[in-house]
Structures are given as structure tokens and as C-alpha cells.
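Throughout, protein chains are lettered first and strands after them, A, B, ... in sequence-line order, and every chain is numbered starting at 1. For clarity, every value in this text was computed on a predicted model and none was experimentally measured.
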Amino acid sequence: MTLRLYNTLTGQLDPLFAEDGKALRMYACGPTVYDYGHIGNFRTFLQIDVLRRFLLLTGTRLLHVMNITDVDDKIIRNAAAAGVSIQDYSAPFVQAFLEDLDALRIQHPEQLARATEHIDRMVELIQKLAAAGAAYQTEDGSWYFRLSAFPEYGKLSKKDLSGMEDGARVDVDEYEKDSARDFALWKAAKPGETFWDTAIGRGRPGWHIECSAMAMEYLGDSFDLHAGGEDLMFPHHENEIAQSETATHKPFARHWMHVRFLLVDGRKMSKSEGNFYTLRDLLLKGYKASAIRMALISVPYRHQLNFTFDGLVDATSAIDRLRTFRHRLTSGTYAPGKNSALQEAAKKAEADYMAALANDLNTAEARAPIFDLIRMANTAMDQGQLLAGDRDAILAVLASFDAVFDVLEDHDAEPTRRALEWAEKAGRLGDVAPGLLARQALTDEAVDALVAERTLAKKQRNFARADQIRNELAEKGIILEDSKDGVRWKRK
RNA sequence: GGCGCGGUACCCAAGUGGUAAGGGAGAGGUCUGCAAAACCUUUAUGCGCCGGUUCGAUCCCGGCCCGCGCCUCCA
């Protein structure tokens, strides 16, 4: 099954494939590690994870590279303010980013690439551009890309810069760029700033050059897909194209994917609006990592997602339904055989699910057949019509679903535990939702013991005691479900 | 101003030129020691507004209103 994915470059749905017929080579812009990641960042990384997982599910081999920008103006400024090196400043944020990826079950790419470890490649690329006459150095030692060297500039973002460029061109003095739109390849070191001593001078890379250099390093001059947040389309990706294609005379990425920004409560998320959330913020408020994942991937990547706490609650309930269903399916006993109606339904659900994802990763549409199948299977179980062969067929559908959505297994305790640990160190315990610490402290063993006691009380028809235990547990966020196959409990 | 996206039930959200998926929430019911879960029924003659094309439009075209994004190294 071939994925048809919107391609920013062509403005249409194009089939996504590995040009070399082996591995699909993709580059995704990663974080700049000057702070903790916020949910907007993670919406992008989650949607790229959906892409990645769907490709793997369809048997595509991947070579996926993601950069970590560990040198930039903000990092330099913040590190200086803190009186530490940029390495020391960014290290905890790199660590935090990787932990957050794990919390959200975002798969790691095959290759993580740090900007500071690829300075040589960037310098080489700048030299190549200089040799071609497309880069020039200003008096202060900085290097710029000459936009006029790349007539196709603007082809990704569909911007026509011919009108606005150089309209007010005056005699530039030697400290300035030739043209206002020329962008920095290399920034000369200012006193006290971190610098690399290189063949093109003392300084540090501009932002765009790192992605060009690292993409080419790991993926070659031309590769299959480049992805990132919508804001990167211009100027970042446009600049990458200009530098790369000017240097190699080959097309850079064939396919470009851009994830739309999310809104929070209908407005752009920003610190000044007070609607700015990191992953940690949400975990400390008591939301589960799986619910955050579900909420952020359930709206297709090209649509604006309006993030709300209600949405997280909805997502939590949807996940509950999925998990409860699978538990019911796996814990019951079924007669051998197959029910042809269920077999058909399972087959259709899987086909519809895959087709929805193959259609530009329509995650919202993909969920529907899964929930349809759940209702049908629940009904069949109620009526004793579901057979062992059906259970297996349906479990296989759930496995396909979870290969992309990855919310069925409950991995929620660990991210919350880590967030609480972090809050303690960071002095953020005041932000922890009431009761969360107590709930977290309640061990599975303690719950099991109370559940066992209640089961005994029920057997002795001591319903008063049984209900007392139920209520006691409910107050601690534990929900009990009695069934003929035993008691199941879950954390709210 | 330039480029682009969206306005679908109480909330979130798919979708198609032929009469509105799915999730959440609410109400009623079945089941149950109670509860939970599950299932059934129910909540848009209606898809921002006004025209047009068409046998027929939520879906196509035009206009308008509203919201949002990018154009400032913010994913």
C-alpha cells in the first residue's frame, strides 16, 4: 500500500516512496534545545511519528534523520546569562527532550544528528558555495548566501520575492549584506561568544546550514522526504533548498511535509497568552501521556488542532474504551471456530483503517472503523457469538491500529512518575494536581490486596464491606470492574 | 497588503455531487447485590450567510461575514 502524502512542493497528494527502492530516506527538523519542549513541538514530532509508523507498518524500510540544534542565538544568550558553556546549558534539555519522546512513545529516528558535531561539514558546504560565487563574506567575517544566485528561490513556499527584494536597495556599506534577503551561513564570533576556529574564520554556523549539511551527510545530496512544522517552510526550508541545490546542482528533497500548528483554546499558544504548556506541565496536572498522544494525533496533521483540556479528557475516555475492549477480548474464553460476519468485519475494518492512513495520514478517519469493529465485537460477545478465530482476527486488527497509535498498552505510570521526580528537583511541586502524588504513591500491590479482600467479602455476602472498599479505592482514582472472569481495576 | 487554511450536532472531528463516519458528553432503557463495563434508543430535514450551476450541493462556482496561520531564525 502506497501512502499518498501532500507534498508542499507540488501542492498535491503525491505517492511517497523510496527512490532507490531500498530505504526511504527522510529528514525531519528537530528541536532547538534552549528549553523544554511544548505541546506544539510535540504535535509535530507525533505526526512525524505517525508517518514513520505507518511506513513501517506497510513494510517500508526507513532511514530517518533528525537534527538537534544545540547551537543558536538563544542558546548562546541563555548560556551566557547562566554563566555556563552552551554544552552545559543545553545538555539537560537534550536529555529532557529524549525523555519526552519516550513518554509520548515517539520512536527515535535511525539517526540523531547534533549541529555541534557537524561543524566541519557545514564549513565545507559554505566553501563550496563560496567557490561557486553564491556565498560572500562581509567585513565582520560573517558569511551570507547570495539569494540572486538561486533564481528558484520561493518555489516551496510559493513566494514571489522579485517584487519585494532590493526595492529599496541603496548603496550598502561593506559591513552589510548585498541584499536584505540574503541569509547568514556563518556568523562571525562576537567578543565572549562561543566560536569554532575554521578555514572560513572564527564563528558559528547560521541556522539553515546545519540541516543542509547533516541531511546530505546521512542521506546524500538528494533524498525522499523532508518534514517539519509549518513555520519552517519559510524561510528555513526555502533556505535549505537554496543552499543545497546551489551547491550540488541536484534536487534536495523530492517530497516536503509540513505539520500545521496547534491552537490552545482557539488561540495561538504563547507564553504571554498564558496558554503555553510543556509536556511536563500536562503530566503534573494529572493527564496521562497516552491521552496527550491520542489527542495530538487524532486530528490529521494538515488541519489546525485546537488543544483543550476537554480534548484530553475525551481522549482518555476513548483510550479507556479501547483498552477495556481488548481486555475483555483477551480475558474471555471462546469456542473454537470462526463467525463469517465477524471475519468479514475485521477484514473490512483493517482495510478501511489502512486506506484512511494511506490517504494523507487521515488519523481521524482511521479511528472510525476500529471503533465500529469494537461495537460489533462487543455485541457478538454479549450474545456469545464471538469465536476464538474471531478473537484472533480482531486482535490482529488492533495490533495494526496500535502499531501507529500505540495507546493500548498502559505505559502511563512511568512518565508521570518521572515528571513528579523532575518537579521535585525543579521546585515545581506547587504545580502538581491535588491527589496526584497520593495516587502515584499507591502501588499496584496495595490495590491488589484491597481487591482481594473485597472479593472475599463478596463471597461472604458482606456487601457493606465490599462497597466500602470500592468507595475507598474510588477516592484514590481506582475504578473496579466485576465480571464473571474476575475483577479488573484501572487507574482513572 | 501578499500567500494559505478553516467555519459540520452540547464538545472534539471525518466526509461525499445523490441526501450526514467516529470519539466524548447528556437523557432513557437492558444487564447487574451495588457499581463499572457492554449493548439498545435518543441529541444536525441539517453541514457560517446569500446567490449561481445542476434533476439534485454540505460537498462545484461567485460574493459576503467570522476565525486562524505564514510573510519577524516560534514545531
Sugar-phosphate only, base, or nothing, as touched by A:G40 at under 4.0 Å among non-hydrogen atoms | base
Which is true for A:D382 with a 4.0 Å heavy-atom rule: it touches a base, it touches only sugar-phosphate, or it touches nothing?
-> sugar-phosphate
Do A:D360 side-chain atoms and A:N362 backbone N/O form a donor-acceptor pair below 3.5 Å?
-> no
Lys/Arg-Asp/Glu bridge criterion (N-O < 4.0 Å) met for A:R105, A:D406 = yes
Do the side chain of A:N275 and the main chain of A:S270 share a donor and acceptor less than 3.5 angstrom apart?
-> yes
Closest to the side chain of A:N41, out of B:rA75, B:rG22, B:rC39, is B:rA75
Counting side-chain heavy atoms from CB outward, which of B:rC74, B:rC39, B:rA21 is closest to A:D372?
-> B:rA21
Hey, which of these two, A:K74 or A:R461, hits RNA chain B nearer its 5' end, going by closest nucleotide?
-> A:R461
Just checking A:A318: base, sugar-phosphate only, or nothing, at a heavy-atom cut-off of under 4.0 Å?
-> sugar-phosphate
Candidates B:rG23, B:rC68, B:rA35 - which lies nearest the side chain of A:R470 = B:rA35
Has A:F261 got its ring stacked on B:rA75, by the test of a centre gap below 5.5 Å and a plane angle below 30°?
-> yes
Would you classify A:L262 as touching base, sugar-phosphate or nothing, given that sugar-phosphate means primed atoms plus P, OP1 and OP2, and contacts are heavy atoms under 4.0 Å?
-> base
Between A:A315 and A:D482, which has a closest nucleotide on RNA chain B that is more 5'?
-> A:A315
Kindly point out which of B:rC40, B:rA36, B:rG67 is positioned nearest to the side chain of A:T379?
-> B:rC40
Do A:H303 and B:rA13 share a donor-acceptor pair, side chain to base, under 3.5 Å?
-> no
What's the closest nucleotide to the A:F463 side chain, out of B:rG23, B:rA75, B:rG33?
-> B:rG33
Take atom P in B:rC12 and the same atom in B:rU54, then report the distance between them in whole Å.
-> 37 Å
Using the C1' atoms only, state how far B:rA13 lies from B:rC65, rounded to an integer number of Å.
-> 24 Å
Side chain of A:N362 - closest among B:rA14, B:rC39, B:rA25 | B:rA14
